[in-house]
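Below is one structure, written out as structure tokens; comments come after it.
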Amino acid sequence: MAKKYSCQFVLIRGQVTRKEQTMSQIRVRFAPSPTGYLHVGGARTALFNWLFARKNKGVFVLRIEDTDTLRNDEAMVRGILEGMEWLGLNYDEGPFFQSDNYEKHRAAALQLLENGFAYRDFTPKAERDDATIKQRVAEAAKQEKPVNAYRTLSREESDARAAAGEPFVIRFKVLEEGKTQFEDEVFGLQERDYKDIEDLVLLRSDGHPLYNLSVVCDDIEMAITHVIRGQDHLSNTHKQVLLYQALGKPVPRFGHLPLIMAPDKGKLSKRKHGEIVSITTYRDAGFIPDAFLNFLALLGWSPDFNEYGDREIFSREELIQSFSLAGINKANAVFNFTQGDARNWTDQKALWMNAEYIKTIPLETLLPFVKAELQQSGLWRDAYESEQKVWFDHTLTLLRERARTVKDFTNHGRPYFVDDISFEFDEVAVKKNLQKDAALKDLLPQLAEAFATLDDFTHDGIEALLRKTAEEKGVKVGLLTNATRTALTGQSVGPGLFSVVEVIGKDRTVARLKHATQLM
RNA sequence: GGCGCGUUGGUGUAACUGGUUAACACGCCGCCCUCUCAAGGCGGAGAGCACGGGUUCGAGUCCCGUACGCGCUACCA
């Protein structure tokens with residue numbers, strides 16, 4: 001049965017208007033493409049923007065970059081929102097949709113044309129096959145590009161041809177002499193010669209504004225002060241700086257983030273690597289959001305050493321407190337995992353961190369996650385919140401010590417929550433702990449009888465009984481405890497056995513010990 | 001091809017403005033605890049800081065070159 005996750009974030013096409021703000025207020029944005037899911041890389045970008053905003057009492061804006069009409073679909077946006085909601089990356093404004101601002105972008109292009117910063121290019125459109133686009137672009141780039149002939153076309157002729165209905169694109173006219181520069185918050189001073197920047201297209205021949213123009217217009221419109229995004233945008237930033245200048249607007253600060261790569265240092269993609277790249281996968285696999293957030297934050301960033309030392313565990317608040325762009329590493333980070341390994345299906349450090357959170361956060365904080373999990377697997381009882389709460393909390397305290405994900409409360413916890421024996425008996429455990437010694441066939445029923453009449457059914461009373469029985473029968477305590485563990489839980493590992501017997505309780509213990517003889 | 005960015009153990013990161021045998025975490029291996037363990041405790045292996053030069057009394061930290069990786073180079077974002 002699939003759990004329903006309602007998305008509380010409402011998809012309203014926000015108006016791009018903003019509240020009064022002080023000049024110094026920091027404003028950042030996360031601007032994903034509507035791909036249908038939130039990618040771990042995107043999530044980290046969102047996280048760093050969010051941390052930066054919260055740390056500096058700024059504003060975090062969400063903007064959907066749906067300029068590519070092919071993927072403009074609200075269903076595609078939902079996945080992004082779900083991921084952000086789960087991680088608790090709440091935004092202050094938006095979601096805004098870039099496509100809603102087409103007219104403004106177009107107007108900006110026209111303005112640049114009018115002011116002589118751009119020109120019409122009447123070169124016929126070259127058809128490109130989407131599948132081989134990357135390759136073809138790379139090929140084409142190898143050849144020296146001739147200076148665009150329309151750069152110097154007279155205004156009169158340009159106007160005349162446009163009026164005659166001839167199709168054209170509007171290109172930005174990059175000056176021949178000079179260079180752009182900006183100080184990147186992560187990578188430092190960036191410079192680029194104008195001659196290395198091509199005359200970028202602002203408006204397609206069908207009137208559609210293109211990415212570089214759109215981001216700049218929107219970031220101006222939304223008064224973004226710090227553009228924090230993936231390093232894949234670093235080179236293009238020079239073009240954008242040029243646009244800000246031509247538009248006569250102040251250039252924001254930029255901070256580029258190193259990328260998250262696959263173990264082979266190649267691109268981490270859903271196509272190649274599957275669900276592991278999608279944030280909702282972690283939600284559905286039993287991760288605690290704060291744990292995953294913590295892990296993500298440390299992927300390419302570290303807090304100031306002098307202040308925080310070697311710490312690795314940071315609560316959400318501590319993350320905000322300690323966050324600084326100065327701590328961002330410049331090299332790409334590898335998201336480490338082995339495909340096909342069921343136990344270590346994702347980065348092992350992420351799993352470790354999740355386990356760490358499960359065993360150390362306040363029980364009351366953990367409770368809702370476990371409740372949701374048990375409800376989903378049909379193991380939940382309302383009594384766990386009322387008359388059985390003490391027992392339930394005790395059981396969780398035992399179980400969480402060995403859980404890596406919240407799913408383990410079902411996987412390992414089932415024997416603790418069901419009355420009958422509708423849980424799996426691990427084959428290896430049965431063989432090793434129940435079938436190995438034939439004496440158990442008699443010992444377990446005797447043990448069951450002994451437990452049935454035990455008045456002090458507590459950890460200590462149980463231990464005393466088991467030790468005494470072992471002594472009387474002349475067997476090792478381990479023989480009895482291991483057999484009991486498997487009889488009661490079907491498993492070979494778990495919490496201390498005396499505690500296990502205690503929480504399983506007298507009735508189930510007796511019944512399961514008797515039943516175990518059938519397995520021998 | 002051009003331009004840009006990067007390179008510390010398997011992975012993620014440290015190492016004050018150059019100065020002890022390069023530290024921590026995950027993982028791995030071993031030992032211990034013990035009723036088991038995928039838990040806990042303890043310990044170990046694993047990089048001499050991509051490579052080659054240079055500056056310096058001294059460089060992972062500064063400079064140059066090379067290699068490799070990544071990004072951008074589109075009427076994609």
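Worth knowing before you read on, the calculation uses all heavy atoms, side chains too, and leaves out hydrogens, waters and symmetry mates. Everything numeric in this text was worked out from a predicted model, so none of it was measured. The chains referred to below are lettered A, B, ... by the order of the sequence lines, with proteins before strands, and numbering in each begins at 1.
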* **d(CD1, A/I260; C1', B/G71) in whole Å** => 15 Å
* To do: State the pairing partner of B/G58; accept Watson-Crick or G-U wobble contacts with both distances under 3.5 Å, and report none otherwise.
  => none
* In the structure shown, which nucleotide is the Watson-Crick or G-U wobble counterpart of B/G27, with both distances under 3.5 Å? -> none
* Nucleotide paired to B/A67 in any strand shown, Watson-Crick or G-U, under 3.5 Å -> B/U7
* **Per A/L259 side chain, nearest of listed nucleotides B/A14, B/A77, B/G71** => B/G71
* Asked: For B/U36, does OP1 or OP2 lie under 4.0 Å from any side-chain N or O of A/N482?
  -> no
* To do: Kindly point out which of B/C35, B/A77, B/G69 is positioned nearest to the side chain of A/S33?
  => B/A77
* To do: Grab the CG-C1' distance between A/L398 and B/G40 for me, whole Å please.
  => 14 Å
* Asked: Between B/C31 and B/C68, how far is it from one C1' atom to the other, in whole Å?
  -> 41 Å
* To do: Using both distances under 3.5 Å as the test, list the Watson-Crick or G-U wobble partner of B/G48, or none.
  => none
* Is the closest side-chain heavy-atom distance between A/R343 and A/R404 below 4.5 Å? -> yes
* **Who pairs with B/C72 - Watson-Crick or G-U, where each distance is under 3.5 Å** => B/G2
* Asked: Please give, in whole Å, the distance from B/U13 C1' to A/N332 CG?
  -> 15 Å
* Asked: Within the structure shown, what part of the strands sits under 4.0 Å from A/F498 by heavy-atom distance: base, sugar-phosphate, or nothing?
  -> base
* Asked: How many Å lie between CD on A/E471 and C1' on B/C35, as a whole number?
  -> 16 Å
* Between B/U73, B/C16, B/G71, which nucleotide gets closest to the side-chain atoms of A/N306? -> B/C16
* Tell me whether the centres of the aromatic rings in A/H394 and A/Y416 are closer together than 6.0 Å. => no
* Asked: P atom, B/U61 versus B/C70: distance in rounded Å?
  -> 24 Å
* To do: Examine the base of B/C3 for any acceptor or donor lying under 3.5 Å from a partner atom in the side chain of A/S235, and report the outcome as yes or no.
  => no
* Structure fact -> Of the listed B/C75, B/U73, B/C5, the closest approach to the A/L234 side chain comes from B/C5
* Should A/R311 be listed as having a side-chain N or O under 4.0 Å from OP1 or OP2 of B/A14? -> no
* Structure fact -> Rounded to whole Å, CH2 of A/W352 lies from C1' of B/G40 at a distance of 14 Å
* Asked: B/G2 phosphate, OP1 or OP2: any side-chain N/O from A/K195 under 4.0 angstrom?
  -> no
* Spell out yes or no: do the side chain of A/R343 and the base of B/A38 have one donor N/O and one acceptor N/O closer than 3.5 Å? => yes
* A/K432 side chain N/O closer than 4.0 Å to the phosphate oxygens (OP1, OP2) of B/U36? -> no
* Classify the side-chain pair A/N236/A/Y211 by whether it contains a donor and acceptor separated by less than 3.5 Å. => no
* Asked: Is B/G48 syn or is it anti, if syn means the base angle is within 90 degrees of 0?
  -> syn
* Could you check which of B/C75, B/G12, B/G40 has an atom nearest any side-chain atom of A/L210? => B/C75
* To do: Please check the phosphate of B/U11 (OP1 and OP2 only) for any side-chain N or O of A/Q348 closer than 4.0 Å.
  => no
* **Whether A/F314 and A/Y308 hold their rings parallel, tilted or perpendicular, with breakpoints at 30° and 60°** => perpendicular
* **Selected nucleotide, minimal atom distance to A/A331 side chain, candidates B/G12, B/C75, B/G6** => B/G6
* Between B/U36, B/U13, B/C35, which one does the side chain of A/T481 approach most closely? -> B/C35
* For A/K265, which contact category applies under a 4.0 Å heavy-atom criterion: base, sugar-phosphate, or nothing? -> sugar-phosphate
* Single hit among A/N411, A/T405, A/T410 for side-chain hydrogen bond (donor to acceptor under 3.5 Å, both in side chains) with A/E373 -> A/T410
* Asked: With both distances under 3.5 angstrom, what nucleotide forms a Watson-Crick or G-U wobble pair with B/G40?
  -> B/C32
* How are the rings of A/H256 and A/F254 set to each other: parallel, tilted or perpendicular (split at 30° and 60°)? -> parallel
* With heavy atoms under 4.0 Å as the rule, sort A/G478 into base, sugar-phosphate or nothing. => sugar-phosphate
* How many Å lie between CG on A/L351 and C1' on B/A38, as a whole number? -> 12 Å
* Atom CH2 of A/W345 to atom P of B/G27: distance rounded to whole Å? -> 15 Å
* What integer distance in Å separates A/N336:CG from B/U13:P? -> 11 Å
* To do: Describe the nucleic acid contact of A/Y211 in one word from base, sugar-phosphate, nothing, applying a heavy-atom distance below 4.0 Å.
  => base
* **Residue A/R402, side-chain heavy atoms: nucleotide from B/C37, B/C75, B/C72 that is nearest** => B/C37
* Sticking with atom P, work out how far B/G40 lies from B/G58, rounded to a whole angstrom. => 47 Å
* RNA chain B: 5'-proximal contact among A/D121 and A/E401 (nearest heavy atom) -> A/E401
* To do: State whether a side-chain donor-acceptor pair under 3.5 Å links A/T123 with A/D121.
  => yes
* Asked: Between A/R192 and A/F335, which is nearer to the 5' end of RNA chain B once each is assigned its nearest nucleotide?
  -> A/R192
* To do: Give a yes-or-no answer on whether the side chains of A/N294 and A/Y357 include a donor-acceptor pair shorter than 3.5 Å.
  => yes
* **Proximal nucleotide (of B/U11, B/A14, B/C37) relative to the A/F305 side chain** => B/A14
* Asked: Is A/E312 side chain donor-acceptor paired with the B/G12 base, going by distance under 3.5 Å alone?
  -> yes
* Asked: Just to confirm, is there a sub-4.0 Å distance from OP1 or OP2 of B/C35 to any side-chain nitrogen or oxygen of A/R467?
  -> yes
Pair up each side-chain donor or acceptor in residues 426-434 of chain A with any protein partner under 3.5 Å, not counting sequence neighbours, and list the distances.
from	atom 1	to	atom 2	distance (Å)
A/D426	OD2	A/A429	N	2.9
A/N433	ND2	A/T486	OG1	2.9

* Rounded P spacing from B/G30 to B/C49 in Å -> 30 Å
* Look at A/S492 and B/U36 and indicate whether a side-chain polar atom (N or O) is within less than 4.0 Å of OP1 or OP2. => no
